[in-house]
Amino acid sequence: MPQALEHSGTSWKGQQLKHKPSLIDRLDPRLRILAAAGFASVVVLSHSFIPLISGLLLALSMAVLAKLALKRTLRRVIAMDMFMIFLIIMLPFTTPVPAGEQPMLQLAGLSASWAGLLHALQITLKGNAVILIMLSLVGTMTATTLGHAMASLRVPAKLVHLLLFTVRYMDVIGQEYKRMRRAMQARAFVMGTNRHTWRAIGYLVGMLLIHSLERSERILAAMKCRGFNGRFYLLDNWQLQRLDYQCGLGWLLILTLLTGANWL
Amino acid sequence: MSVLLQTRGLTYRYPRREPVLDKVDFALHKGDRLALTGANGAGKTTLFHLLVGLKKAKAGEIIAFGQTRRQEADFVEVRARAGFLFQDPDDQLFCPTVLEDVAFGPLNLGKSQSEAIAIAQQTLAELGMAGFDDRITYQLSGGEKRMITLACVLAMSPDVLLLDEPTNALDSQARQRLIETLQGLPQAMIIISHDDDFLAQLANRRLHLESGKLTDPDATPAPEALHG
Ligand SMILES: Nc1ncnc2c1ncn2[C@@H]1O[C@H](COP(=O)(O)OP(=O)(O)O)[C@@H](O)[C@H]1O
Ligand SMILES: [Mg+2]
């Protein structure tokens with residue numbers, strides 16, 4: 001399996017795995033993807049507050065179990081919650097007040113409904129629960145492992161290759177961008193809001209595209225030189241262990257309970 | 001069969017330009033370590049691409065391993081037997097992990113997964129790169145990348161090596177290691193390089209590419225009277 005340290009250099013530093021090893025890391029990556037997907041579907045389809053709140057609590061405990069780095073996790077969750085705040089503000093006003101009910105509040109001729117607020121709260125709970133589970137189960141594996149796991153879950157090969165090649169060449173293209181940017185700075189280029197800047201940025205982006213295209217041609221040539229005939233081989237022999245079966249069954253039970261909680 | 005690669009009247013031009021290769025004749029024999037020199041943009045890389053069929057010649061013929069090669073299908077075998085080391089290792093290391101990259105060639109040659117892994121590990125060990133199996137390809141240093149690309153090429157057990165500026169961006173230690181490794185290899189090779197000292201330690205023949213013509217700088221006049 002690939003090393004845990006994923007992205008070197010500066011451009012992808014933010015993607016390095018930073019958590020301490022935990023129980024979650026010992027589970028099969030495929031199981032983790034399936035578990036996260038199952039949880040997401042159950043939570044997204046839930047319509048009452050009991051399963052949603054228990055789902056969020058469960059997600060929080062998984063995050064603790066996965067020993068997620070606190071600062072980074074908060075940053076990511078908050079980024080998503082920024083959108084949620086707008087939702088909480090907007091939805092009550094856009095959901096019509098049901099006939100015969102009192103509006104929650106009236107503001108400049110617009111009336112806010114309780115139904116809208118509850119709906120917005122549900123979406124917020126769902127969003128947070130799903131993102132926390134994703135961060136703890138899927139976000140704790142490297143992008144390369146994720147690609148391998150997707151391949152062995154029979155995700156279409158083209159998608160997997162797209163992911164793996166993106167991971168592989170992100171950094172290379174990032175370095176190219178930096179090199180060109182430095183070359184511009186070395187000739188006293190300063191960003192401004194004028195035609196000169198726009199044109200220079202246009203050239204920069206255009207050159208970056210051309211360089212990437214040329215590189216992709218060279219990579220294809222290199223692949224052909226080594227006998228590429230349309231198949232891309234990934235080497236791994238993951239086997240489900242006892243721990244995987246135990247955790248998988250436990251998770252299935254929890255998901256069933258969560259689903260059942262909708263009818264409490 | 002002592003002639004491995006041979007060209008007759010090989011010509012290539014990019015659109016709207018003077019020909020970069022103009023009726024080039026040359027031959028690579030068993031045991032040759034041919035240094036190919038020439039200014040930047042002289043067409044050295046283009047010649048390599050033609051030899052393994054990545055570009056199509058405008059005129060002339062390429063005889064590789066005893067057969068004239070014309071179609072894409074003819075070149076599939078040539079590519080397996082002529083290991084091409086690209087100028088930029090990043091172009092060549094496209095798999096996520098080192099082991100996958102080195103095993104990619106053998107797998108394409110029809111080896112089973114366990115055979116391919118065994119070949120890959122053995123090749124890595126022979127180059128002193130054992131233990132790099134699980135490393136992520138783009139986190140290697142320049143020298144390590146170069147050695148891994150060499151392993152990728154050698155894992156296909158080629159008869160000929162085409163090395164395109166292999167010492168580019170290597171520090172002196174990595175360069176020395178590469179020289180020692182290459183000296184120990186039995187394959188015939190063509191080495192493109194601007195590094196005279198490197199060539200002096202490796203090459204036993206020299207050709208110079210200029211204005212589309214290949215000439216032997218060591219020989220007196222008649223450049224056509226090379227080998228063959
Ligand atoms: N894709 C291309 N389109 C047009 N011209 C090219 C292309 N690739 C290379 N050339 C030109 O062909 C010439 C030979 O290139 P190359 O074989 O890469 O030179 P060398 O490897 O000897 O430095 C150069 O002048 C280069 O500008
Ligand atoms: Mg070149």
Side-chain angles (χ1 to χ4, degrees), chain A residues 1-13 15-17 141-151 160-176 211-212 214-237, chain B residues 45 48-49 51-55 72 75-114 116-117 120 132-141 149 152-153 155-156 158 162 164:
Chain A
M1 213 124 312
Q3 276 191 331
L5 184 77
E6 178 79 330
H7 309 286
S8 67
T10 42
S11 50
W12 268 57
K13 204 160 180 193
Q15 305 300 318
Q16 268 170 26
L17 296 181
M141 58 180 103
T142 64
T144 313
T145 314
L146 178 62
H148 280 88
M150 279 163 51
V160 175
H161 299 170
L162 211 55
L163 173 73
L164 290 175
F165 275 89
T166 308
V167 173
R168 169 67 183 85
Y169 286 103
M170 195 85 177
D171 206 48
V172 174
I173 293 172
Q175 298 290 341
E176 235 150 59
H211 282 186
S212 310
E214 285 186 338
R215 185 175 290 279
S216 70
E217 276 167 5
R218 289 199 304 270
I219 295 165
L220 181 63
M223 291 174 80
K224 274 191 192 167
C225 280
R226 282 157 66 202
F228 179 64
N229 49 17
R231 262 206 74 184
F232 194 71
Y233 301 86
L234 295 172
L235 307 176
D236 39 39
N237 297 309
Chain B
T45 304
F48 274 9
H49 279 232
L51 286 176
V52 296
L54 292 171
K55 290 190 168 79
E72 167 72 15
F75 281 107
V76 172
E77 192 206 342
V78 179
R79 289 179 201 142
R81 295 182 62 183
F84 187 168
L85 200 68
F86 279 56
Q87 192 164 341
D88 183 351
D90 270 326
D91 294 338
Q92 225 168 350
L93 298 174
F94 47 82
C95 294
T97 64
V98 168
L99 188 67
E100 275 164 344
D101 224 305
V102 182
F104 182 79
L107 282 169
N108 285 329
L109 294 181
K111 299 272 191 284
S112 75
Q113 180 159 324
S114 52
I117 292 179
F132 274 71
D133 308 14
D134 286 347
R135 293 285 294 274
I136 306 272
T137 42
Y138 51 91
Q139 289 177 344
L140 304 171
S141 74
T149 51
C152 291
V153 166
M156 299 178 74
L162 306 176
D164 195 349

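Here is how names work: the chains are called A, B, and so on, in the same order as the sequence lines, proteins then strands, and each is numbered from 1.
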Pick one of side chain, backbone, both or neither for A/Phe165, based on which atoms fall under 4.5 Å of a heavy atom in chain B.
side chain

If you count heavy-atom pairs within less than 4.5 Å of chain A, which of [options] leads?
options: B/Glu77, B/Glu100, B/His49; answer: B/Glu100
options: B/Leu93, B/Val98, B/Thr149; answer: B/Leu93
options: B/Cys152, B/Gly83, B/Ala155, B/Pro158; answer: B/Cys152

Rounded distance (nearest 0.5 Å) linking atom [atom1] of [X] with atom [atom2] of [Y]:
X: B/Asp91; Y: A/Tyr169; atom1: CG; atom2: OH; result: 6.0 Å
X: B/Leu54; Y: A/Leu220; atom1: CG; atom2: CG; result: 8.5 Å
X: A/Ile219; Y: B/Asp90; atom1: CD1; atom2: CG; result: 8.5 Å

For [X], is it the side chain, the backbone, both, or neither that has a heavy atom closer than 4.5 Å to a heavy atom of chain A?
X: B/Phe94; value: both
X: B/Leu99; value: both
X: B/Val76; value: neither
X: B/Gln113; value: side chain
X: B/Ala116; value: neither

Apply side chain to side chain contact (heavy atoms under 4.5 Å, CB included) to residues A/Arg215 and B/Asp88 and explain how you reach the verdict.
CA-CA 10 Å; A/Arg215 185 175 290 279; B/Asp88 183 351; 3.3 Å; yes

Ignoring hydrogens, what is the shortest heavy-atom contact between B/Phe84 and A/Cys225? Give both atom names and the distance.
CD1-SG, 3.9 Å

Closest heavy-atom pair, A/Arg226 versus B/Gln92, reported as atoms and distance to 0.1 Å, is NH1-O, 3.1 Å

Please determine whether side chain to side chain contact (heavy atoms under 4.5 Å, CB included) holds for the pair B/Phe104 and A/Met223, giving the CA-CA distance in whole Å, both sets of side-chain angles, and the decisive distance to 0.1 Å.
CA-CA 9 Å; B/Phe104 182 79; A/Met223 291 174 80; 4.3 Å; yes

Salt-bridge contact B/Asp101-A/Arg168 (side-chain N to carboxylate O under 4.0 Å)
no

